[in-house]
Each structure stands twice: as C-alpha cells, then as structure tokens.
Amino acid sequence: MSKGTVVLAYSGGLDTSCILVWLKEEGYDVITYLANIGQVEDFDAAKKKAESLGAKKVFIEDLRAEFVEEFIWPSVQASAIYEDRYLLGTSVARPCIARRQIQIARQEGAQYVSHGATGKGNDQIRFELTCYALYPEVQIIAPWRIPEFYNRFVGRKDLMEYAEKNGIPVPVTPKAPWSMDANLMHISYESGILENPKSHAPAGLYLMTKSPEDAPNSPDVLEIEFKKGVPIKVTHVKEGKSKDTPLDIFSYLNEMGGRHGVGRIDIVENRFIGMKSRGIYETPGGTILYHAHLDIETFTMDREVRRIKQGLGVKFAEMLYNGFWYSPECEFVRHCIDKSQERVEGKVQLSVFKGQVYILGRESPKSLYNEDLVSMDVQGDYDPCDASGFIKINAVRFVSWGVPHC
C-alpha cells in the first residue's frame, strides 16, 4: 500500500534520479517536477528518464518569463547584493521553483514534497520555507537529512553503485570536480577542488562568460530604458537592435555581458546555517543591470528617500539569501522598495568591455539634476552665502564632540 504521493524537485541528474527510485523503494508514489528557469538542459531526455524510473507523472514547467518578471525584476529594483558582492542568482531562483512545486502538489493532492538539497547548504532552507509558507500542511522529505539515506550513500561511488543496480542511467562523461547550479540569472560553482579557498578557478570552469582576455577588442554600447525601476527596453546603439520583453531583455544582456566577460566573482560568503563557503559566480546580465539601475536611480530619486531605500535593499538581500521571500517582513520591504521606484525612469547608456561595465551617460524626464544650479559658470538660483551658513553649522557640531587632534 502506498504511503502517499510526493512531488520531487527533479533535475535528471544522478542524485535526484537515485532519490526518485529510493522514494519508490520506501513506498511512495512519485511525481517528478523539473523547472525550466533558463538552464541548458535536455528536458525531453529528463522526462523520459523519470518515466523509465517509475515516476507516476512528470511535469516540465517553463518558468523563465515569471522568473524574470516576478523575481529578478524586484531584485533589480532593490539593487539586491549580498555581502557587497553576490547578486543572489541561486537565492532568487529558489522561491520561484518551490512555488510551482507547491502548486503541483496541491493540484495533484500530494501530501509530500521532496528535494535533493544537501544538509549543509542554504537551498534546503529556501525550498522548505517557501513550501511551508504556501502549503502549511505539507510534509517534506529531505533525504540528505535522513540518516538511513545519507549513511547509505556516503559518496558518489555509493550512488553510482545504486544506480547500476537499479537500472538508473549513469553519466557517461566524467563529473566535473565541482558542483554547478545554472539558471537565467547566473551559474554558480562550488565544492570539490574549489573548497580550498586558496586554489584558483580552472580556466575551463566558466560556461556563461568569456575570459576578459579573450573578449572583443572593441566595446558594445547599449542603451537601457527604465520605468518604475525595471528595464523596459535595451538597444544596441551601433547595430540598432532592440529587445523589449522582460525575458528577451535579460537574455540579450546575458549575451552581451557574456561576450565581454562581465560578472565574474570569486568570494567567500557566510551561509545562513552558520558556516563560510567559497563560491564562484558569473552573472553577466545581472551585473549590467545592477550598474545601470544604480545610475538611473541616483539620477531620479530624492537623497533622503534613497538613503532609506539603500537600507531596505540590504535587508531585502539578506532575507532573499536566507530564504525569507514569502515572510511578512520581506513582503513589506518589497512593497516599500516598489514604492520608492515610482520616479525611477529614463535611459542609461553604457559600454561593456573586457569584463567591465562603464556608464557613459543618462537622461530622464524625472531627473532631479539641475544643470544651471550645479554649473560653475552660471549663478542660477543658488546664493554662495548659503554655503557659508552650512559650513558654520556643521563646524559647531563637530567641535561639540571635542576638538580633534591635528
């Protein structure tokens, strides 16, 4: 008798294929679900593989458009960046993937969901907090936290032996000596030989971006148009080529950034569960948008509003990294950030070249920049005596704390 139905977040790889068979072995009916969020994948082959291993149903869901519009765009508005460097490509994908998993579980009457996230990483938290937020009654099967599972499958060799024994097709090419996670936003690399923080990334590791050394010797100049803090159009200035749908805009920026080696970082970060980890990331389109949005936001937003918004952006990045997308506080912060973006409108011209993004100029109908007021050649409405009073007020404030030592 079946223990119930479980919806498994499935990748088609060795780990989740073994989990599929193991769940059946444990007495569950298994529905597999694979999200297309922009990764390079043979989805038909993955579906056939799951069916051959006994999946009751197989869902292949194209989430690319909603991933950009509902998850990446709010991150762009927030200028979301974790610990000053990480643009959160994996973090922002997880609530998108898990939301659809829960929709399928409810639709199919499944009492359980399962995933293949490791017990040492952040993804287990991101997946499960989303699942519980959207389906409080659901039960989660996390094999890599179940002693009977992780003691049985200590390493890849054990998984390979189990696969061969149970007719699971095994990879015919050698596994890269690191783990990789890819989506439309980025590719991340960690573990294996990268766990030594001193070791350099192998030259052949990067799949999304060219080495800046091999990038073209002339820049590509782009114009990105924003409205309410999100891009609505990108144009290649020289070629005249334009994209104006969210998915096309982001894909084109990935192409341009990848061509010039933009968006590579190698960092050590603080995981939510309490350990430091080394991650290598390439985020070409996201890096271009980060710089372009920052520029148009500064051009159009009031100084004091922006100070508050910056703090909210940092808080949003932390909540996103930690898996709190569906928390009430994150919903509140997203609402505040969205409100702050009402005037963030205009066009930014930039060049991408040899791994860098260079801002060239900007224009906006809602600009707060007053060229006459700031000009050194035009008096305008500004009285230089105003500066004298400003200086005196602040000088008194400084001295009130004690005269500094020279």
Side-chain angles (χ1 to χ4, degrees), residues 1-64 66-67 90 93-94 96-118 121 123-124 126-128 130-131 135 138-146 148-150 152-153 156 158-173 175-176 179-184:
M1 185 175 176
S2 171
K3 290 182 179 178
T5 300
V6 54
V7 178
L8 170 66
Y10 182 70
S11 70
L14 180 63
D15 285 34
T16 53
S17 294
C18 288
I19 289 171
L20 192 168
V21 174
W22 179 80
L23 286 168
K24 284 177 55 61
E25 208 175 71
E26 292 293 305
Y28 297 96
D29 292 325
V30 182
I31 295 172
T32 55
Y33 151 63
L34 177 55
N36 175 2
I37 49 171
Q39 73 274 34
V40 177
E41 188 82 59
D42 187 337
F43 295 101
D44 287 338
K47 181 177 181 180
K48 289 175 184 175
K49 184 176 183 180
E51 288 172 339
S52 72
L53 297 176
K56 181 180 175 181
K57 284 187 179 179
V58 179
F59 288 85
I60 308 290
E61 302 290 306
D62 187 349
L63 307 181
R64 291 174 298 168
E66 64 189 73
F67 179 39
T90 296
R94 296 317 187 221
C96 178
I97 296 169
R99 180 177 71 177
R100 184 63 184 129
Q101 184 178 14
I102 287 302
Q103 289 168 347
I104 292 169
R106 285 187 175 278
Q107 171 188 314
E108 298 298 315
Q111 307 95 321
Y112 304 90
V113 294
S114 184
H115 60 77
T118 174
D123 278 346
Q124 58 182 334
R126 295 166 182 155
F127 278 121
E128 294 181 26
T130 296
C131 291
Y135 187 3
V138 77
Q139 297 180 61
I140 296 173
I141 302 172
W144 290 112
R145 294 205 308 269
I146 298 173
E148 293 82 4
F149 185 89
Y150 67 69
R152 181 176 178 182
F153 303 109
R156 185 172 173 81
D158 295 326
L159 289 170
M160 293 285 283
E161 289 176 355
Y162 181 78
E164 290 173 9
K165 179 181 175 183
N166 289 277
I168 302 170
V170 297
V172 294
T173 55
K175 181 176 169 20
S179 68
M180 183 183 86
D181 179 74
N183 62 48
L184 197 64

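Just so you know, these numbers use all the heavy atoms, side chains as well, and skip hydrogens, waters and symmetry mates.
Across Ala93 and Asn183, no two heavy atoms sit closer than the pair CB-ND2, 3.5 Å. The shortest non-hydrogen separation linking Ser52 to Lys49 is OG-O, 2.7 Å. Contact record, Thr130 with Ala98: CG2-CB, 3.5 Å, taken as the closest heavy-atom pair. Minimum interatomic distance between Ala105 and Tyr135 (heavy atoms only, all atoms of both residues): CB-CE2, 4.1 Å. The shortest non-hydrogen separation linking Arg126 to Thr90 is NH1-CG2, 3.8 Å. The minimum heavy-atom distance linking Ile97 with Leu63 is given by the pair CA-CD1, 4.4 Å.
In this structure, NZ on Lys48 lies 8.0 Å from CG on Asp42, to the nearest 0.5 angstrom. Here the CG-CG distance, from Leu53 to Asn166, works out to 9.0 Å after rounding to the nearest 0.5 Å. In this structure, the separation between OH on Tyr150 and CH2 on Trp144 is 11.0 Å, given to the nearest 0.5 Å. Between the SG atom in Cys18 and the NZ atom in Lys165 there is a gap of 12.0 Å [rounded to 0.5 Å].
Using a 4.5 Å heavy-atom cutoff, the side chains of Arg64 and Asn36 are in contact. Within the 4.5 Å cutoff, the side chain of Lys57 has no heavy atoms near those of the Ile104 side chain. Contact of the Thr5 side chain with the Gln111 side chain is registered, since non-hydrogen atoms from C-beta on lie closer than 4.5 Å. A 4.5 Å side-chain heavy-atom check between Phe127 and Ile140 finds every atom pair outside the cut-off. Residues Gln107 and Gln103 fail the side-chain proximity criterion, which asks for heavy atoms closer than 4.5 Å. Under the 4.5 Å side-chain criterion, counting only non-hydrogen atoms from C-beta, Thr32 is not in contact with Leu34.
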Which donor-acceptor pairs under 3.5 Å do side chains of residues 7-15 form with protein atoms, sequence neighbours excluded?
residue : atom : partner : partner atom : Å
Tyr10   : OH   : Ser17   : OG           : 3.1
Ser11   : OG   : Gly13   : N            : 3.1
Ser11   : OG   : Thr16   : OG1          : 3.0

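Here the side chain of Lys3 pairs a donor or acceptor atom with the backbone of Glu26 at under 3.5 angstrom. Within the 3.5 Å criterion, the main-chain N or O of Ile141 finds a donor-acceptor partner in the side chain of Ser114. No donor-acceptor distance shorter than 3.5 angstrom exists from the side chain of Glu66 to the backbone of Asp62, with no hydrogens or angles considered.
Tyr112 and Tyr28 have perpendicular rings, their planes meeting at more than 60° on a 0 to 90° scale where under 30° would count as parallel.
A salt bridge links Asp123 with Arg94; the closest basic N to acidic carboxylate O contact falls under 4.0 Å. Of the charged side-chain nitrogens involved, none lies within less than 4.0 Å of a carboxylate oxygen, so that Glu108 and Lys56 do not count as a salt-bridged pair. Using a 4.0 Å cut-off between a side-chain N of Lys or Arg and a carboxylate O of Asp or Glu, Arg99 and Glu61 do not qualify as a salt bridge.
Checked against Tyr162 for a ring pair (Phe, Tyr, Trp, His ring centres under 6.0 Å), the options Trp22, Phe149, Phe153 give a single hit: Phe153.
Looking at Gln101 and His115, their side chains never bring a donor and an acceptor atom within 3.5 Å of each other.
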